[in-house]
Student: 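Before I ask anything, let me first share the structure, which is written out below as structure tokens.
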Number of protein chains: 2
Amino acid sequence: MTRPLNLEEVGRRAGVSRSTVSRVVNGGPNVSSETKRRVEAVIAETGYRPHAAARSLASNSTGVIGLVIPSAVATLFDDPYFGRLILGISSATNDVSMTLALFLFGAGPDESSIISRVVTPGLVDGVIVTATTRGDPLIDHMQGTSMPFVVVGRPDNAGSTFCVDVDNRAGARTAALHLAGLGRRRPALIAAPSNTTAGVDRRNGFLEGLAEAGLSVESRVAEGDWSQESGRDAMARLLADRPDAVFVASDRMAVGALRAIREAGLHCPGDISVVSFDGIVPPDLTSPRLTSVVQPVTEVGERAVRLLTAVIAGASTPEHVVFPTELAVRESCGATPTAEPGA
Amino acid sequence: MTRPLNLEEVGRRAGVSRSTVSRVVNGGPNVSSETKRRVEAVIAETGYRPHAAARSLASNSTGVIGLVIPSAVATLFDDPYFGRLILGISSATNDVSMTLALFLFGAGPDESSIISRVVTPGLVDGVIVTATTRGDPLIDHMQGTSMPFVVVGRPDNAGSTFCVDVDNRAGARTAALHLAGLGRRRPALIAAPSNTTAGVDRRNGFLEGLAEAGLSVESRVAEGDWSQESGRDAMARLLADRPDAVFVASDRMAVGALRAIREAGLHCPGDISVVSFDGIVPPDLTSPRLTSVVQPVTEVGERAVRLLTAVIAGASTPEHVVFPTELAVRESCGATPTAEPGA
DNA sequence: CTGAAAGCGCTAACAT
DNA sequence: ATGTTAGCGCTTTCAG
């Protein structure tokens, strides 16, 4: 006859009440060390583990946070960005002994049902939302609920939400200034999708930096979709205009751009300087190695978790965390490389 | 005065008991359509959603499945394999209205605590374990618990576990036969880590196929670590031995190998035929396009979820699902490409 | 320092 | 067809 292994049973075996067992399990005060020892012995020998659902119900806290990635099309995982972000978030949740729930969804009929699952009470304590597009209804939806959430990235209506982002605009501006400083005079731009704030911010930042240097892209602008292929296609098209420099809004697209340059029989950085954004593709994977505006993806993820726990704990004045980026100068821009950042 | 929005409250507003509300929420029988209509109206206007933890506790089923990836080092996400697998698993869990919890952990002191969190009662209904290494203690650990689980890949002691894998051995053998059929006589092998069963199976399958064709790799063998860099390094070393063909155990490593070939001033497939395994890198991303043994990653993920739900439902005789692979012949092997599979 | 008791919100018999 | 009731295993006052 095997009875359920719960607090009551552990208490029975240790000769104490379930309240006392609960106290030792949760490291509560007011337990004699002798009692504590005995209870712990029973826990060890029985392998008792508290029941998560029961605990959630009684304490009104689940210990799990959700990560919501809408429009999670296949291509999304071809970019190392999300893997890195997930890694950062996962490691931060592990650090605080929480569990990570992943909500991925593309367009489709299931979308609204998943959206509503995310805000199911008693499922997660809060959620991190990322990869939203401009005007994404998801964020409005979240605001209409009482579920704590933080956004990774900059939502359109950022004012009222907690979010953590990198300074895309400043980073792109730095890229422009760097290119200008190298004496380049016919810059081109391969932008990221304009339905994302990161895409818009990087584009604006680049144009702003150019303007400061008295330069302009004129018609040398193309927009990619984050994929390597799109970067290659965009570069191939732009080459007709004979640019002597190009800022590519993501590493992945830059890899494609480098390829297009090579396929056109041109040389980088000799014929054209390339600077990209992300700092996520291992430098040695390309030749020349990419000069890139590095964003601290892992830190962003970790910070998002910390911020979310604060919101869950009751923080109420929207906080806006913005991480700076750092320009890693390597060979693709044609400048003399500086030391690797952090080296 | 706002009262908690629960079954009781919804029932109060609709003028019925909480059991009745529970029935309509769960689509149970024995509810008059008039009552059902009234209750649904209240639910719609209040935005009531059942409390997940309470439901889990009462029903002894959480509706969440865990995905466990040990040794989730950063490099893990540089390979599109895991992204694809997660996508497949996520879409399958969405289909059955379940939630996906992600447990990633590298080596470290936290490892055992995460391992034990995975088997916390009342947290997940079952777990999918993948990316284990040979002799991984995690699987033994899982077997010691009553938590339902399935393995993606082939555990050493597969006999007693449910698992879904692809036929790595047969796929690699096909690659060998294909290369032999092309008239290549000095084949080389860039193997995957020998502490993984996939690595071992692919190696053995290739050697087996070679033997059937009366060929041998002799000393033309190197082992990579799945990374693109390792493939490049391995190829660079092997080139000294003048192979006229190489089987690379993963697409990522093959991309690196192609690069090494180019950097050595050699030509693929002219000087050397390349066949890889995975079929996960978009063909147009490399030139020449890779001939590859394609494994159905997404299907594997979906199938793992289905199998797990069966185990959760009580299935008890270990089942071993093995998906076949398919050779996609493109340009890197030097053969005349066939039509794209599935085209 | 420890125990008793009242829920948390839901499901699932069992009544009616 | 609907209501009543007894838990699920835990946390958390409140007594002692």
Student: Report the nucleotide, chosen from D:dC10, C:dT11, C:dG3, that has the shortest atom-to-atom distance to any side-chain atom of A:Pro50.
Tutor: D:dC10
Student: Once you round it to whole Å, what is the distance between C1' of C:dA12 and CZ of B:Arg55?
Tutor: 13 Å
Student: Choosing from C:dC10, C:dG3, C:dT2, which nucleotide comes nearest the side chain of A:Thr35?
Tutor: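 Closest of the options to the side chain of A:Thr35: C:dT2.
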Student: At under 4.0 Å between heavy atoms, what does B:Ser19 touch on the DNA or RNA strands: base, sugar-phosphate, or nothing?
Tutor: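 Result for B:Ser19 = base.
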Student: Which is true for A:Pro29 with a 4.0 Å heavy-atom rule: it touches a base, it touches only sugar-phosphate, or it touches nothing?
Tutor: nothing
Student: To the nearest 0.5 Å, what is the distance between CD1 (A:Ile65) and CD1 (A:Ile89)?
Tutor: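 CD1 of A:Ile89 is found 6.5 Å from CD1 of A:Ile65.
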Student: Can you tell me which nucleotide in D:dG9, C:dG9, D:dG3 comes closest to the side chain of B:Ser17?
Tutor: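 Side chain of B:Ser17 sits closest to D:dG3.
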Student: Can you tell which of C:dC10, D:dG3, D:dC10 lies closest to the side chain of B:Val16?
Tutor: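 My answer, after comparing the listed nucleotides, is D:dG3.
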Student: What is the distance from CZ of A:Arg37 to P of C:dC1, rounded to the nearest Å?
Tutor: 16 Å
Student: Does the base of C:dT11 carry an N or O that pairs as donor and acceptor with the side chain of B:Arg23 under 3.5 Å?
Tutor: no
Student: Between C:dT2, D:dC8, C:dC10, which nucleotide has the shortest distance from any of its atoms to the side chain of A:Asn30?
Tutor: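 Of all the options, the side chain of A:Asn30 is nearest to C:dT2.
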Student: With heavy atoms under 4.0 Å as the rule, sort B:Asn60 into base, sugar-phosphate or nothing.
Tutor: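 No contact at all - B:Asn60 keeps every heavy atom at 4.0 Å or more from the nucleic acid.
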Student: Using whole Å, report how far NE2 of A:His51 lies from P of D:dC8.
Tutor: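 Rounded to whole Å, this separation is 11 Å.
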Student: Atom CG of A:Leu57 and atom P of D:dT11: how far apart are they, to the nearest Å?
Tutor: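 Between P of D:dT11 and CG of A:Leu57: 11 Å.
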Student: Closer to the 5' end of DNA chain D via nearest nucleotide, is it B:Ala54 or B:Ser32?
Tutor: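 Looking at DNA chain D, the more 5' nearest nucleotide goes with B:Ser32.
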Student: Among the nucleotides C:dT2, D:dG7, D:dG3, which one has an atom lying closest to any side-chain atom of B:Ala58?
Tutor: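 Nearest nucleotide to the side chain: D:dG7.
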Student: Quick one: CD1 on B:Ile69 to CZ on B:Phe82, what's the gap to the nearest 0.5 Å?
Tutor: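 The CD1 atom of B:Ile69 sits 6.0 Å away from the CZ atom of B:Phe82.
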Student: Rounded to whole angstrom units, what separation is found between the CZ atom of B:Arg3 and the C1' atom of C:dG9?
Tutor: 16 Å
Student: Write down the distance between CG (A:Leu7) and P (C:dG3), rounded to a whole number of angstrom.
Tutor: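 Nearest whole value for this atom pair: 13 Å.
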Student: Give A:Asn6 one of three labels, base, sugar-phosphate or nothing, depending on what nucleic acid heavy atoms sit under 4.0 Å from its own.
Tutor: sugar-phosphate
Student: Under 4.0 Å, heavy atoms only, any strand: does B:Ser56 hit a base, just the sugar-phosphate, or nothing?
Tutor: nothing
Student: Starting at CG of B:Asn26 and ending at P of C:dC10, how long is that distance when rounded to a whole Å?
Tutor: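 My rounded result for the distance is 10 Å.
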Student: Nearest 0.5 Å, what's the OG1-CD1 distance between B:Thr93 and B:Ile86?
Tutor: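 If I round to the nearest 0.5 Å, the distance is 11.0 Å.
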Student: Can a side chain N or O of B:Ser59 be found less than 4.0 Å away from OP1 or OP2 on C:dT11?
Tutor: no
Student: State which residue, out of B:Val124, B:Asp125, B:Val118, fulfils the side-chain contact (heavy atoms from CB on, under 4.5 Å) condition with B:Met147.
Tutor: B:Val124
Student: Is the phosphate of D:dG3, meaning OP1 or OP2, less than 4.0 Å from a side-chain N or O of B:Arg18?
Tutor: no
Student: Using whole Å, what does the distance between atom C1' of nucleotide C:dG9 and atom CZ of B:Arg12 come to?
Tutor: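 These atoms are roughly 16 Å apart.
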Student: Salt-bridged, A:Glu319 to A:Arg303, with N to O below 4.0 Å?
Tutor: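 A salt bridge links A:Glu319 with A:Arg303.
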Student: Cut-off 3.5 Å, side chains only: do A:Thr161 and A:Gln143 have a donor facing an acceptor?
Tutor: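 Absent: no donor and acceptor within the cut-off.
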